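Take a look at the structure below.
Note that the coordinates shown come from a computational prediction; the quantities given were computed from them, not determined experimentally.
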Amino acid sequence: HVQLVESGGGSVEAGGSLRLSCAVSGYTYSRYCMGWFRQTAGKEREGIAVIDSDDIATYANSVLGRSTISQDFLENVVYLQMNNLKPSDTAMYYCVAAAGREIPAAQILSAKAYDAWGQGTQVTVS
């Protein structure tokens, strides 16, 4: 089964940058979607960036222009580069995957579309 391990979270001042990494193992599907969600206490998980097996990326408006999702096909790692961070970006960030299938565009940032989740990495912006 798919395993996702996040790293790269931490504390940063407003305006700073972080790069999150997600190491992926346990599958060899040719079609997939992978991405990043985030969650703060008392709120639903928010999809912020997704990339698919065709290397096409989708972003939430909340991070558009400040974040870049990318993937290393050889190393099986998905990255999220976040710049100009704001206190509102403070959250637990989760790597997600939907392996072996494509997700309709209308659902691409919906938590229900993903069946594999990492343990999360905390990002705190002050």
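Atoms CD1 and SG, from Ile103 and Cys33 in turn, are 4.0 Å apart once rounded to the nearest 0.5 Å. One finds the CG atom of Leu85 at 7.0 Å from the OG atom of Ser67 (value rounded to the nearest 0.5 Å). With rounding to the nearest 0.5 angstrom, the OH atom of Tyr59 is 7.5 Å from the CG atom of Leu80. Taken from CD in Glu46 to OG in Ser110, the straight-line distance is 12.5 Å, to the nearest 0.5 Å. For the atom pair CZ (Arg45) and OH (Tyr93), the distance works out to 14.0 Å, reported to the nearest 0.5 Å. Atom OG1 of Thr40 sits about 9.5 Å away from atom CD of Gln122, to the nearest 0.5 Å.
Residues Ile48 and Phe37 form no side-chain contact, since every pair of their non-hydrogen atoms from C-beta on lies 4.5 Å or further apart. A heavy-atom distance below 4.5 Å is not found between the side chains of Leu4 and Trp117. Between Val77 and Val24 there is no side-chain heavy-atom pair separated by less than 4.5 Å. Using a 4.5 Å heavy-atom threshold, the side chains of Asp52 and Met34 count as separate. Looking at heavy atoms from C-beta onward, Gln71 lies in side-chain contact with Tyr32 at the 4.5 angstrom threshold.
Between Ile108 and Thr58 the shortest heavy-atom distance is CG2-CG2, 3.7 Å. The shortest non-hydrogen separation linking Pro87 to Ala14 is CD-CB, 4.1 Å. Across all non-hydrogen atoms, the minimal contact from Ala99 to Val2 is CB-CG2, 4.1 Å. The two atoms that bring Gln119 and Glu6 nearest to each other are N-OE1, 3.1 Å, heavy atoms only. The minimum heavy-atom distance between Asn83 and Ser17, with the atom names listed, is OD1-OG, 3.0 Å. Here the closest heavy-atom approach between residue Gly47 and residue Ala60 is recorded as O-CB, 3.3 Å.
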Practice item. Assess whether side chain to side chain contact (heavy atoms under 4.5 Å, CB included) is satisfied between Val63 and Trp36, documenting all intermediate values. Key: CA-CA 11 Å; Val63 302; Trp36 294 89; over 6 Å; no
Practice item. Take Met82 and Leu20 through the test side chain to side chain contact (heavy atoms under 4.5 Å, CB included) and record every step on the way to the result. Key: CA-CA 8 Å; Met82 299 188 295; Leu20 306 183; 4.0 Å; yes
Exercise for review: Apply side chain to side chain contact (heavy atoms under 4.5 Å, CB included) to the pair Val123 and Thr90, showing each step before the final yes or no.
Suggested key: CA-CA 5 Å; Val123 171; Thr90 296; 5.9 Å; no
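Using a 4.0 Å cut-off between a side-chain N of Lys or Arg and a carboxylate O of Asp or Glu, Asp89 and Arg38 qualify as a salt bridge.
Although no hydrogens or angles enter the test, the distance criterion places no donor-acceptor pair under 3.5 Å between the side chain of Thr124 and the main chain of Ser11.
No side-chain donor-acceptor contact under 3.5 Å links Tyr114 and Gln107. Between the side chains of Gln81 and Ser70, no donor-acceptor pair is found at a separation under 3.5 Å.
Hydrophobic clustering keeps Ile69 apart from Val5 (ILVMFWY residues linked when any side-chain heavy atoms are closer than 4.5 Å, directly or through intermediates). No chain of hydrophobic side-chain contacts below 4.5 Å, direct or via other Ile, Leu, Val, Met, Phe, Trp or Tyr residues, connects Tyr79 to Val12.
Counting heavy-atom neighbours within 6.0 Å of Asp55 CG, excluding the residue itself, gives a total above 12.
Residue pairs meeting the disulfide (SG to SG under 2.5 Å) criterion with at least one member in residues 78-126, sequence neighbours excluded: Cys22-Cys95.
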